[in-house]
Amino acid sequence: ELFQDRAAAVEAAQKGRRALRSSGAEVVRLDRELALEFVRCDGLSLQHLQRRHRRDREVVLEAVRQNGGALAHASVHFRHDRALILEAVQSNGLALHFAAPALRGDREVALAAVRQNVLALQYVSEMLQADRDLVLEDVRHDGMSLQHAPPHLRDDAEIVSEAVRQDWQALRFASMRLRGDRKLVGEALRQDPLALHYAAEHLQEDPDLALLAADEAGGSLRFIPEHLCGDRGFVLAAVRRDWRALRHADDLLRDDPVVVRIAVEQDWRALRWASEDRRSSRELVMMAVEQDGLALFYAHESLRDDRDLVCKALKHAGRALKDASPRLRADRACVLLAVGNCGRALKYASKQLRSDREVVLAAIRQDGEALEFADAFAGLAADRALALEAVSQNGLALRFAARALREDIEVIRVAATQNRAALALLPPALRRQLGEELRKVCL
């Protein structure tokens, strides 16, 4: 016997199949009581037991209660045992696959299997696959099971509606007549815009349904038939509902002043998808930068040198300086406007202005870490007053100060007062050397 010590056998039973597989034996010899212990813990352990146990109804019953799939390893004659099959499919609906044909055609057994696992419908008899109530029950749990229903039930409005409500993809298995039902297609579209591809051809070209699909796609027209993306009336209606519809509109419509204006009025980011001519329109770009200066990024090159327009952008977003022309990035007034809004915009100023003490001071007053972009060759990183201004605004700006200033106790004190994490920027040797002073700062 494999398990002579009953305590060890019971412990092994808790591990189920793994313990039996690790024994290395194809068939494991156990007494009936231990066999029952094993299958109660893991029904699929039945596959490793002796034939006498696989022919023992009580052992098999306990196994299928734990896992209906154990039916595959039971003696063939149990496949005709209705009570046992019911137990099996209630545990695992797919166990119906191993039932005798007569029981696969038993309505109660089939319904129990389908309720446990809707995929079991594929194993019920052809006669029951045509049973309306059974199919209706099935699609309410898994709409995609409609694919296993016979043609006449895929043309049943109630069944298909329930299937689509559960899973929009079930629309692909509906009859052509029902794929042409506006209400049904609308139900599917509210779940996913891709459903439009499964609608009847005449509904794929229906503007109202196409707009519904666009709404569900976050305004995108990428699921919409190409000819509608070139229809001015349709695209106008779409961009009025959502500016993002402009993205997949026909090229001619992305050059249409009215269409583009409606989109940009909603959100400046629509400028990204406008034609080059529209992005050259000063009025349109001005409208965009008044919403967010970063819209300058999408402006035509010629407008990036327009001082008034660029100043309007910088007023809303200093970082827009990076998209201004080289001439304006060297314009002192423009750069002061930018760094007053976003100190780190100093990074995009001309080299000459990054050496300008007043410009650098304005930048670090807005963001101390703008000290990183001050021209090192101009000696501004070594300017003690500038360093103190920077670390008082942001203690972590200490890392961009000249080395001598990073060892200046006053600069360190101001930095640590603003942000104690600045102390981590000091070399360990310096922290030890300034131990007492640093303790005072920490206190």
Side-chain angles (χ1 to χ4, degrees), residues 210-211 214 217-342 344-354:
L211 284 174
S220 173
L221 302 185
R222 63 195 175 108
F223 303 114
I224 308 304
E226 190 174 338
H227 78 277
L228 282 179
C229 293
D231 183 298
R232 189 173 188 272
F234 174 78
V235 173
L236 269 171
V239 297
R240 282 192 175 108
R241 292 161 77 119
D242 195 307
W243 60 274
R244 288 168 290 191
L246 185 65
R247 179 177 184 179
H248 295 286
D250 184 83
D251 289 348
L252 288 175
L253 294 176
R254 288 193 279 123
D255 189 48
D256 185 302
V258 177
V259 172
V260 175
R261 183 183 182 86
I262 289 172
V264 173
E265 280 177 344
Q266 289 182 52
D267 195 298
W268 63 272
R269 288 173 292 179
L271 189 62
R272 172 183 182 181
W273 298 307
S275 69
E276 187 173 332
D277 282 351
R278 292 302 95 223
R279 288 186 285 112
S280 298
S281 166
R282 189 177 189 277
E283 181 188 1
L284 187 69
V285 175
M286 184 67 82
M287 179 196 302
V289 299
E290 283 177 345
Q291 292 179 45
D292 193 312
L294 295 179
L296 188 63
F297 177 77
Y298 300 117
H300 188 270
E301 196 70 33
S302 60
L303 294 178
R304 297 183 188 191
D305 194 47
D306 183 315
R307 194 173 190 281
D308 290 342
L309 188 147
V310 170
C311 283
K312 180 72 73 174
L314 297 176
K315 182 179 178 182
H316 291 282
R319 284 184 298 150
L321 184 64
K322 68 180 172 57
D323 300 310
S325 68
R327 180 179 75 87
L328 294 180
R329 283 189 273 124
D331 183 305
R332 197 167 188 274
C334 284
V335 172
L336 280 170
L337 180 60
V339 299
N341 180 286
C342 173
R344 296 180 72 85
L346 182 63
K347 175 181 181 179
Y348 308 111
S350 66
K351 180 177 174 64
Q352 180 182 356
L353 291 178
R354 285 188 282 114

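One-based numbering along the sequence shown. Worth saying up front: this structure is predicted, and the values here are computed from it rather than measured.
Taking the six-membered ring where tryptophan is involved, the planes of W273 and W243 are essentially parallel, since the angle between them stays under 30° and well short of 60°.
For R222, the CZ atom sits in a loose shell: 12 or fewer heavy atoms of surrounding residues, nucleotides or ligands are nearer than 6.0 Å. Crowding of K315 atom NZ: a count of heavy atoms from other residues, nucleotides or ligands under 6.0 Å not exceeding 12.
A heavy-atom distance below 4.5 Å is found between the side chains of P257 and R278. At least one side-chain heavy atom of L236 sits less than 4.5 Å from a side-chain heavy atom of V258. In this structure, the side chains of L328 and D305 come closer than 4.5 Å at one or more pairs of heavy atoms.
Considering every non-hydrogen atom in both A324 and L296, the closest pair reads N-CD2, 4.0 Å. Listed here is the closest heavy atom pair of C334 and C311: SG-SG, 3.6 Å.
For R254, the salt bridge (Lys or Arg N to Asp or Glu O under 4.0 Å) test picks out D251, with sequence neighbours left out. Take A237 and apply the side chain to side chain contact (heavy atoms under 4.5 Å, CB included) test, not counting sequence neighbours, and it matches L211. For K351, the salt bridge (Lys or Arg N to Asp or Glu O under 4.0 Å) test picks out D375, with sequence neighbours left out. In terms of the salt bridge (Lys or Arg N to Asp or Glu O under 4.0 Å) criterion, residue partners of R232 (sequence neighbours excluded) are, by chain and number, D256. Not a single salt bridge (Lys or Arg N to Asp or Glu O under 4.0 Å) links D323 to another residue, sequence neighbours left out.
Here the options are V264, D306, L309, the test is side chain to side chain contact (heavy atoms under 4.5 Å, CB included), and the partner is V285; only L309 passes.
Pairs of residues two or more places apart, or lying in two chains, that qualify as salt bridge (Lys or Arg N to Asp or Glu O under 4.0 Å) and include a residue from residues 262-273 are R261-E265, D267-R269.
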Set out, in order, the CA-CA distance, both residues' side-chain angles and the distance that settles side chain to side chain contact (heavy atoms under 4.5 Å, CB included) for H248 and F223, then state yes or no. CA-CA 9 Å; H248 295 286; F223 303 114; over 6 Å; no
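Between the side chains of H316 and E290, no donor-acceptor pair of N or O atoms lies under 3.5 Å.
Note that the CG atom of L221 and the CZ atom of R244 stand 11.5 Å from one another [nearest 0.5 Å].
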